[in-house]
Amino acid sequence: MNKVAYKSDYIYYDGKLQKNKYLIINNKIVESLSDTSEGCEIIEFSNSCIFPGFINTHTHLPMVYFRGLADDLPLMEWLQKHIWPAESKWLSDEFCFHSAQLAAIEMIKSGTVCACDMYFHSESIGTALINAGVKGILGGGVLDFPTKIANNADEYIEKAAELLLKFKENDDINIALAPHAPYTVGPESFKKCIDFSNKHDVLIHTHLSESTWEIAEITKKYGKSPALLMDETGMFDAKTIFAHCVHLSDEEIKIMGEKNVNVSHCITSNLKLANGFAPIKKLMDAGANISIGTDGAASNNNLDMVSEISMSAKVNKALSEDPTFMDAETALKCATENGAKALYLDKMGSLKSGNYADFFVLSFDSAHMTPVYNPVSHLIYSASSSDISHTYVNGKCLMENGKILTLNEDEVKKNARKWADKIKNN
Ligand SMILES: [Zn+2]
């Protein structure tokens with residue numbers, strides 16, 4: 001591929017808004033921000049801003065097929081009576097491949113270039129993401145009880161080792177271990193995950209302190225809270241990311257801050273399941289790294305990072321009684337740079353020399369985006385994902401003027417409806 005100079009009214013380059021410049025991409029990589037387009041093919045976007053692509057740090061991509069299947073319920077009832085039975089009945093390689101394609105389209109349409117996933121049949125999910133052109137961290141699920149996949153933690157970890165081998169050659173797919181949560185995985189199994197992570201240098205992705213039910217259950221079983229249990233097992237000192245982190249004491253926040261723990265903040269899921277409000281300001285002030293996750297589409301009910309960061313910015317202001325907290329720039333950083341840091345992804349999370357050319361174009365053509373004083377403000381407070389016109393990963397265009405180029409969107413939606421008919425009629 002020749003060098004390409006992308007021109008837009010604004011470019012959010014290396015954490016700063018720049019005007020009247022060219023973003024120079026050489027093959028997959030950002031070369032520079034330049035005043036000139038000499039020697040380059042020029043691609044110009046009018047009335048718009050180029051932003052680094054979003055990184056969704058917690059999701060369960062295939063759950064898009066369970067979107068709207070069961071709502072308005074408490075977490076444990078929702079999981080035990082609806083989601084887990086549906087998963088045990090329907091999950092297969094085919095189900096996860098088809099559903100991950102739908103999820104990938106949703107990601108591309110909302111400017112998301114990479115997702116940190118936790119599910120089963122991850123090989124099929126990986127194949128779907130590769131076909132779509134997006135990047136992923138595939139979290140091989142680990143549980144202490146048997147499912148169709150495996151019988152115990154050792155066997156689940158073995159499956160993850162196979163996954164690691166399968167995607168070894170692919171730079172866009174990384175593998176993680178995904179022990180589900182302290183209430184489904186015991187400390188000994190978490191320790192096995194840490195050993196595996198140390199040996200193979202892979203991320204561990206888990207849920208933590210999501211609900212008051214979890215706090216009570218773990219405290220009853222182990223005599224300490226889930227966060228203190230995680231600290232004791234060594235999880236806060238390992239290569240880890242924790243989704244939710246809603247119910248934390250000041251002591252736990254202090255420990256997590258001191259250890260710069262990676263947190264995936266999933267505000268919409270927490271709101272919808274009425275799990276409470278994560279102490280984001282306290283965690284951030286203490287030193288934790290806050291990134292943004294949508295969680296699965298059955299508890300959100302979408303994978304839209306634009307609405308997620310907007311919600312997070314506004315709710316965290318109200319919660320902290322401080323309108324200056326989670327300002328637009330900080331919200332954007334959480335959804336990009338902090339996400340890359342949390343997932344240990346070098347060369348991602350911002351547009352700067354040497355990083356991958358992963359970006360989206362935000363159009364200011366709609367009435368609700370007019371006029372423009374500050375493009376970052378518009379992205380966080382005015383935009384919806386339909387204002388994103390183009391998405392690029394590794395310099396490759398995955399969506400052009402709202403049209404997905406890598407997958408057949410109509411076919412993918414048709415498949416989703418077919419699966420839903422089966423699920424409904426059962
Ligand atoms: Zn989750």
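Every number for a ligand or one of its atoms is a count from 1 in the order of the listing.
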task = Examine Phe51 together with Tyr10 and report whether their ring centres are nearer than 6.0 Å.
result =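 Centroid separation for Phe51 and Tyr10: 6.0 Å or greater.
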ask   = List-wise, which protein N, O or S atoms are found short of 2.8 Å from the Zn ion (ligand 1)?
value =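 As for protein N, O or S atoms lying under 2.8 Å from the Zn ion (ligand 1), they are His58 NE2, His60 NE2, His207 NE2, Asp295 OD1.
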message = If the test is side chain to side chain contact (heavy atoms under 4.5 Å, CB included), which one of Ile241, Asn262, Val202, Ile137 qualifies with Tyr344?
response =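 Of all the options given, the one that passes is Asn262.
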ask   = What distance separates Ser264 OG from Met118 CE, expressed to the nearest 0.5 Å?
value =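 Answer rounded to 0.5 Å: 9.5 Å.
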message = Quick check on Lys282: does its NZ atom have over 12 non-hydrogen neighbours (other residues, nucleotides or ligands) under 6.0 Å away?
response =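 No - once you tally the heavy atoms of other residues, nucleotides and ligands closer than 6.0 Å, there are 12 at most.
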inquiry  = Could you check whether Asn338 and Ser291, counting side-chain N and O atoms only, form a donor-acceptor pair closer than 3.5 Å?
reply    =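 Result is no, nothing qualifies.
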ask   = Taking atom types as modelled, is there a side-chain donor on Asp365 or Asn47 under 3.5 Å from an acceptor on the other?
value =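 Distance-only check passes for Asp365 and Asn47.
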